[in-house]
Amino acid sequence: MLFSLVVLGVRAAQRRHLEDRILSTWPETAALDPELVRFAGSLAAPALASHCAGCHGGDLHGDPTHGAPDLIDGEWLYGEGRVADIEQTISHGIRSGDHRSRDLADMPGFVLQNPYRRYRIASLKPSEIRDLAAFILQMNGRLPADSAAAARGQALYGSALCYDCHTASAQGDPAIGAPSLRRHAWLYGAGAEQISDVIAYGRSGICPSWSGRLPPATIRAIAIYLHVRSGAS
Amino acid sequence: MRVSRWPESGRLSLLLWAAGALIGLGAAGFALFTAKGTATSTVPPEYIATVNQRPVYLSDYLDQLQAQFNVTMETASVEQRRKVLDDMIREELFVRRGLELDEPGIDPDVRNALVAAVQSQIAVDATSQTPTEAELAAFYRQHLERYSSIGYLLAADLIAPGDPSGAKGAEALAAAGVALRAGRPLPAVLAQFGVAESGLLAGEQVYFAAKLHLGDTLFEAARTLQNGQVSAPIRAQDGRFHLLYMIANHPPLPRDFALARNQVYGDYRHELLLRIGDREFKYLEDKADIHINRAYQP
């Protein structure tokens, strides 16, 4: 009886010690420390399963019905995948309403009467949306049915100001969360229909903010875990 | 009479008490006046430091390392880390000093930055007012046009050039209409019935442009035509008879609330921010004592 109490006490003390260490070590350094990485995994796995899997998928490979990205494929919407980048996203969320959330741009809806809330952008015609989708498919190595459409789409990519956010090379801009359009894992699905729908109606994906809802050590642990897993795969 | 005085032992304890109090006070004073508050254990994990209890954010620090030296935490040297940290602490202290010197009263850049800061504080206030799903749905219904696609149409607007406003013209248009409804191609119909395109509609048109070109009467008729449908001859505001042949009509289509929900949320918050900003301005304006020079009163 006494013995098991002592064991429990020691376990709890060890855990407290590791929690302190995971928070007091530099995030990027902690990700290089095998003991902390192991501990991060033990904290992160249950939290991910109960709080994140619903949107990001049980295997964390994303879910296009929620527009939730793959978290371990090494492609990042925001930042470069540093532990601190990931931690900021988890803590404050994306377009979450938290005032420190990541919220600098949205995907405009180009067939809407006013495509964009933040500044004026001209609407496009449905046929132009189809041309843009053909261009994006072609850029991803999929032969479009109509190569003239893809050529028109390429011209539109410049004139409709897509490059403003997605950059001229379509590699995306991690400062504002504009995804690369040369993706292997699409937020909203890879089909021509899905891509057209995004361009036509726009998107503003939301990831909730977790600061205050999860303990800081758990948030740090998830960030370390995702950083390590995405680097490994 | 006995003068009241302390017994010997009582005096000693009083002395000891006074000495203790003095030492205590001294220690407290020393602690107060030399306090630096730099104990790392009290700095929360998302801060790199606190300066006079104010946070210096870890994320800002990492950005600064990146911006100044193009390094990350792992690749930064001790000197680089120390330099950036020193700079940030120096910045915090200088900012406070700047306020004491009333920089915001003088420097336009400082003023702009402060205005931006108050606006972002408003964003903090808006954070605490999370809308319910019912409020969002109401907002969506109120602004349905925002979540609807823009309307387009491709149509032919025919007139009878021989007698544009008379009965014979109207008859020719009606006959052309019968042929079109029967499936005759447009060029054949134009040739056979002596009718022509008015030129008001050139190619695919956005609804509002079509309305501008056609005028209200014709546009209202055009809007409701299905693909392939033909109107009756209509006398329009220009006095002429017109026949509308709809080739492709894409009326504005509202997106389901469930699909538009995130955008509704963004728009709702955007307007909330504007409202809180206006309220803040009104509140300050009401409290303020503002006089405007009569000569320049707008």
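Proteins get letters first, then strands, A, B, ... in listed order; numbering begins at 1 in each.
When S24(A), P126(A), P216(A) are compared by the number of non-hydrogen pairs under 4.5 Å with chain B, P126(A) comes out ahead. The greatest number of non-hydrogen atom pairs below 4.5 Å with chain B, out of R118(A), E80(A), R100(A), is found for R100(A). By number of non-hydrogen pairs under 4.5 angstrom with chain B, the leading residue of G202(A), P27(A), S211(A), S209(A) is G202(A). Between chain B and the residues Q88(A), R82(A), Q113(A), R117(A), the largest count of heavy-atom pairs under 4.5 Å involves R117(A).
The two residues S127(A) and E204(B) make their nearest non-hydrogen contact at OG-OE1, 4.1 Å. Here the closest non-hydrogen pair linking L112(A) and R146(B) is CD1-O, 3.7 Å.
Within residues 215-226 of chain B, no residue has any heavy atom closer than 4.5 Å to a heavy atom of chain A. Contacts between residues 253-277 of chain B and chain A, counted as heavy-atom pairs separated by less than 4.5 Å, involve L253(B), R255(B), R261(B), N262(B), Q263(B), Y265(B), G266(B), D267(B), R269(B), H270(B).
Within the 4.5 angstrom heavy-atom criterion, atoms from both the backbone and the side chain of S149(B) approach chain A. Residue contact with chain A, scored on non-hydrogen atoms closer than 4.5 Å, is absent for Q205(B). Of the atoms belonging to P115(A), not a single heavy atom falls under 4.5 Å from chain B. Residue contact with chain B, scored on non-hydrogen atoms closer than 4.5 Å, involves the backbone of R95(A) exclusively. With a 4.5 Å cut-off on non-hydrogen atoms, E28(A) touches chain B through its backbone and its side chain both. The contact between L124(A) and chain B is made entirely by backbone atoms, counting heavy-atom distances below 4.5 Å.
The closest side-chain heavy-atom distance from E46(B) to S91(A) is not below 4.5 Å. In this structure the side chain of W26(A) reaches within 4.5 angstrom of the side chain of L58(B), judged on heavy atoms. In this structure, the side chains of F110(A) and I150(B) stay at 4.5 Å or more apart for every pair of heavy atoms.
In the displayed structure, N114(A) atom CG is contacted under 6.0 Å by at most 12 heavy atoms of other residues, nucleotides or ligands. Annotation for Q142(B): atom CD counts as buried by contact number, over 12 foreign heavy atoms lying within 6.0 Å. Within a 6.0 Å radius of CZ in R16(A), other residues, nucleotides and ligands contribute 12 heavy atoms or fewer. Atom CZ of R111(B) has 12 or fewer heavy atoms from other residues, nucleotides or ligands within 6.0 Å.
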